Amino acid sequence: MEDFFAKELEALRARSLDRYLREITGAQEPEVEIGGRRLINFSSNDYLGLANDPRLREAATAAIEEFGVGAGASRLISGNLSPHLRLERALAKWKETEAALCFSSGYAAALGTIPALVGKDDVVVLDKLCHASLIDGARLSGAVLRIFPHNHMGKLENHLEWARREHPGKRVLIVTESVFSMDGDRAPLHEVIELKRQFGALLMLDEAHAVGVIGPNGRGLAAAENVDAEVDVQMGTLSKALGASGGYICGSGALVEWLTNRARSFIYSTAPSPAIAAAAIAAVDFVASPEGEQRRLLLRERIRLMQDLLPHAELDEGQSATSSAIFPWIVGDEQATLNVATALESEGFLVPAIRYPTVAKGTARLRIAVTAAHQEAQIRGLCETIKQRVW
Ligand SMILES: Cc1ncc(COP(=O)(O)O)c(C=O)c1O
């Protein structure tokens with residue numbers, strides 16, 4: 001067995017696709033310490049700078065005082081503590097849905113939800129750039145999978161026509177993201193919804209990179225475009241702009257009751273720590289408050305600065321037009337991308353090299369993520385370094 005691992009790992013290294021863990025010795029901040037060096041962190045999804053916010057810390061600490069650290073069992077056994085219920089009520093109120101259900105991660109939310117919605121002979125139609133959690137959930141469901149090229153509405157329509165013809169009377173689920181995790185661009189939601197209506201399909205929308213960042217009260221892209229009521233299954237994560245961890249599904253009361261009965265990653269997993277649920281409540285309260293709106297405005301300023309300063313040759317086409325916090329700088333070759341990341345690190349910047357299988361082969365990239373917590377000077381410093389091409 002050891003031989004097998006050694007050989008496979010060597011093969012990964014030869015293709016510049018090996019990964020390893022690095023220790024961060026402190027909280028998530030715009031500056032982090034790795035291996036004794038301070039680096040300016042452009043790798044975090046903590047878009048609003050909440051991960052180390054005193055309000056979240058205090059809420060977590062107070063919950064530990066009252067409920068202890070562990071939940072002890074799954075929600076359906078004896079782990080259903082008050083902070084979990086309060087969080088779900090807060091999420092449903094914020095997202096303006098009948099109900100919400102929380103999972104221990106966004107990954108678990110996708111993995112539990114899709115197989116609860118569709119099964120053998122049903123059809124799941126996914127955007128090619130959907131996150132691994134959505135793909136894995138779709139695979140696990142046993143439904144027939146169809147993939148459409150990124151944001152290609154003509155191809156989505158073809159798949160829906162095919163599903164109607166070949167799987168008459170079966171359930172069809174469209175799965176896409178609102179802001180795409182590795183490209184930062186947006187789904188054409190109005191068109192997706194038009195097609196969903198036309199073909200009587202269900203729509204599951206992952207707003208992982210949009211909630212907190214976009215829309216009224218940070219409710220996400222569907223709310224910003226006033227189509228949230230048309231999204232059957234609103235997925236999101238508490239782990240990015242909300243600064244805590246966990247995933248959620250918002251939707252109808254019936255959907256949430258069904259998932260409570262059928263989502264295996266919910267049923268067969270110990271409830272998240274009450275501390276993390278309490279921190280997430282504080283995050284939802286913040287995001288929905290006027291102060292949350294101010295923080296979003298600050299984030300938008302930082303995004304604009306990055307758009308203005310980052311050499312445009314490095315930017316993916318769509319990105320300069322949109323306003324997500326994610327700036328993909330596509331280099332292509334895996335090793336070349338690693339070299340750029342290493343060079344940036346030697347200049348004091350932490351920017352992750354994203355490679356296959358997270359993105360398609362040959363589209364390796366630096367994924368620059370800007371947050372409201374970055375100082376202007378930090379953004380200027382990164383862009384200047386990139387301009388000077390230190391590698
Ligand atoms: C689009 C998308 N969906 C889901 C997830 C999973 O969320 P979590 O990190 O909470 O498991 C992520 C993050 O990794 C993501 O980028």
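It should be emphasised that the depicted structure is a prediction, and the values quoted were computed from it without experimental measurement. In each ligand, atom 1 is the first atom listed, and ligand 1 is the first ligand listed.
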Nearest protein heavy atom with distance in Å, relative to atom 5 (C) of ligand 1: His131 CE1, 3.4 Å

In terms of residue, atom name and distance, what is the protein heavy atom nearest to atom 7 (O) of ligand 1? Gly106 CA, 3.4 Å

I need the nearest protein heavy-atom contact for atom 13 (C) of ligand 1: residue, atom name and distance, please. Lys240 NZ, 2.5 Å

Residue selection (non-hydrogen contact nearest atom 16 (O) of ligand 1) among His209, Met182, Glu177, Glu207: His209

Heavy-atom pair with the smallest gap, counting every atom of Pro188 and Met153: CG-CE, 3.7 Å

Can Arg304 and Glu301 be counted as an ion pair, charged N to O under 4.0 angstrom? no

Would you mind listing which atoms of ligand 1 come within a distance below 4.0 Å of any non-hydrogen atom of Ser133? 3 (N), 4 (C)

Could you tell me whether Glu334 and Arg355 have a side-chain N and a carboxylate O separated by less than 4.0 Å? no

Nearest protein heavy-atom contact for atom 11 (O) of ligand 1: which residue, which atom, what distance? Tyr107 N, 2.9 Å

Counting heavy atoms only, which of Val179, Leu242, Asp206, Thr237 is nearest atom 2 (C) of ligand 1? Asp206

Does the plane of the ring in His150 sit parallel, tilted or perpendicular to the ring in Phe180? Use 30° and 60° as the thresholds. perpendicular

Could you list the atoms of ligand 1 found under 4.0 angstrom from a heavy atom of Ser105? 10 (O), 11 (O)

Measure the distances from the heavy atoms of Gly247 to every atom of ligand 1 and state whether one is below 4.0 angstrom. no

Parallel, tilted or perpendicular: which fits the ring planes of Phe42 and Phe349, with parallel below 30° and perpendicular above 60°? tilted

Whether Asp232 and Lys196 form a salt bridge (side-chain N of Lys/Arg under 4.0 Å from carboxylate O of Asp/Glu) is what I want to check. yes

Positive for side chain to side chain donor-acceptor pair (under 3.5 Å) with Tyr47, one of Arg296, Lys240, His209: His209

